[in-house]
2 protein chains.
Amino acid sequence: MSKQVDGQIGTVAALVRSTFLVNAVYADSAREYGLTQQQGQLLCVLMAQPYGMSELGAVLRLAKSSLTGLVDRSERNGLVQRKPDPEDSRAVRVALTRQGAKLADEFYTETCRRIEELTSGFAAEERETLAALLGRVVMDNKVPTVFLEPGPTR
Amino acid sequence: MSKQVDGQIGTVAALVRSTFLVNAVYADSAREYGLTQQQGQLLCVLMAQPYGMSELGAVLRLAKSSLTGLVDRSERNGLVQRKPDPEDSRAVRVALTRQGAKLADEFYTETCRRIEELTSGFAAEERETLAALLGRVVMDNKVPTVFLEPGPTR
DNA sequence: GTAACAAAATTCGTGGGACGAACTACTGCC
DNA sequence: GGCAGTAGTTCGTCCCACGAATTTTGTTAC
C-alpha cells in the first residue's frame, strides 16, 4: 500500500519531520529576539491586523484562558496592547504597540530568511512546486493566516 | 525577488502554515490518547529503539534537564522505563514498556492516518512529488528520525 | 594509582504555556 | 425588565523548558 521507492521518504513522515524542523527554526529565531514561539506567533498574527480575543483564540487554536495569559505576558513586555472595542464594551481589541510592531517585523524578517534557507539547495522551479503543493495542503485544510506572505520585495 | 504568482502562496509561508497545521493534528491526536505532544514524540522516537538520555536530548532538541522531566512523567505513567546501561554505569537506556509500546503503536497509527488525510485531495503522483521535495528538505537539513516511516505492512 | 578532567544524569528554582471550571460584565432579544 | 448567550478574566493544576549547580562514574595523564 505504501508507495515507497527505496531511500525515499513517505509523505506522512516527510510532513511530520519537516514540521519538526520548521518548528525548531521558528523557536530558535524567536528565542533570539527574546520571544517564545507562542509570543512570536502572536506577533506574526497581529502583523496583519488587530484581533479580538475570541478571534485570536480561533486563529491560534488556543482556549480563551490560555490566550489571556499569552496576551498578558506580551502586554507586560510592551509588545501588544488591549484596547476597548468601541462597538462592544465586553470585547477587546488586541493590537501591536509601536515597539511590538518593530520587533514583529524584525522577527518576521529573520524567520523568513531562516526558513528560506531550508530550501537553499533547491532550484527555483522545485521551490515553486513545493510551494504550490504545500499551498494546497494549507488551503484544503483551511489553515488560518498565522504567517503573512513575505513582503513585496518584488 | 519573490517569485509569486497571484493567488499562490510563497514557499516560506507555505512551510510555516503547514507546520502549524501538522502540529495541531499531532497535538490533537496525542491528546486523544492521553498524551501531550511531547510525550507522543518521545514514544514515537523510542519506537525505533531505546536511547540514552543524551542521545534523546539530541534527537528531540531538548536540554538534558528538560528531558529528565519528560521521561520522569512518562515513566510515572508506565510508558517508558529507565534501564542501566550495561557498558556505562553513569548512563541510562530509556525504552518503551510493553504498555508504552502498545500505546505508541496506536498513537502512531492514528496520527499517520490523520496526517495522510491532509493530502486526501491529492493525486498519487502529487503526493509523491510532495514527499520527494519535503524528503529533500528533511535530508538536507539532517532532521533526526522523530517519526518512523509508516510501517512495512509488508 | 591517583589526580584532573570530561561525560551522563539529576535536582532545583523560575517562568512560560495550556486547559477547564467558575465567574463577571455586557449585549441582544422578546 | 428579564434572561439567554457572548467576551474575557480568574483560579488552580499540570506540563514544558531552561540554566546552574551537583553527583557519580568514566578517562586520561602522569
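These figures come from a predicted structure and were not determined experimentally. Sequence lines set the chain letters: A, B, ... in the order given, protein chains first and strands last, and positions in each chain run from 1.
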Below 4.0 Å: OP1/OP2 of [N] and any side-chain N or O of [X]:
| X | N | result |
| --- | --- | --- |
| A:Q37 | C:dG17 | no |
| A:R73 | C:dG17 | yes |
| A:S65 | C:dG20 | no |

Determine, stepwise, if the pair A:R17 / B:T145 fulfils side chain to side chain contact (heavy atoms under 4.5 Å, CB included). CA-CA 7 Å; A:R17 292 174 68 183; B:T145 307; 3.8 Å; yes

Ignoring hydrogens and geometry beyond distance, is the side chain of A:T68 in donor-acceptor contact with the base of D:dG8 at under 3.5 Å?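 Counting by modelled atom types and ignoring angles, no donor-acceptor contact under 3.5 Å is found here.
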
Grab the [atom1]-[atom2] distance between [X] and [N] for me, whole Å please.
| X | N | atom1 | atom2 | answer |
| --- | --- | --- | --- | --- |
| A:E75 | C:dG16 | CD | P | 14 Å |
| A:K64 | C:dC23 | NZ | P | 13 Å |
| B:L60 | D:dC18 | CG | P | 11 Å |
| B:R61 | D:dC18 | CZ | P | 10 Å |
| B:Q38 | C:dC19 | CD | P | 12 Å |
| A:N23 | D:dA17 | CG | C1' | 14 Å |
| B:L35 | C:dA18 | CG | C1' | 16 Å |
| B:L67 | D:dC18 | CG | P | 10 Å |

Scan [X] against the nucleic acid and name what it touches under 4.0 Å (heavy atoms): base, sugar-phosphate only, or nothing.
| X | value |
| --- | --- |
| A:R31 | sugar-phosphate |
| A:T36 | sugar-phosphate |
| B:L62 | sugar-phosphate |
| A:S54 | sugar-phosphate |

So which one's nearest nucleotide on DNA chain C is more toward 5', A:L70 or B:D72?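 Counting from the 5' end, the first nearest nucleotide belongs to B:D72.
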
Which distance, rounded to the nearest 0.5 Å, do you find between the [atom1] of [X] and the [atom2] of [Y]?
| X | Y | atom1 | atom2 | result |
| --- | --- | --- | --- | --- |
| A:E116 | B:L15 | CD | CG | 10.0 Å |
| B:L79 | B:Q81 | CG | CD | 11.5 Å |
| B:E75 | B:R82 | CD | CZ | 5.0 Å |

Which nucleotide sits closest to the side chain of B:M53: D:dC18, C:dG17, C:dA9?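 Closest nucleotide to the B:M53 side chain: C:dA9.
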
When the ring planes of B:F147 and B:Y108 are compared, do they come out parallel, tilted or perpendicular, using 30° and 60° as the limits?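 Because their plane-to-plane angle lies in the 30° to 60° range, the rings of B:F147 and B:Y108 count as tilted.
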
Residues in contact with DNA chain D, drawn from residues 76-92 of chain A - heavy-atom cutoff 4.0 Å: A:R82, A:R90, A:A91, A:V92

Does A:R93 pair with A:D88 as a salt bridge, N-O distance under 4.0 Å? no

Salt bridge or not between A:R113 and A:E110? Use side-chain N to carboxylate O under 4.0 Å.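 So A:R113 pairs with A:E110 through a salt bridge.
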
Are A:R127 and B:T11 close enough that a side-chain donor and a side-chain acceptor fall under 3.5 Å? no

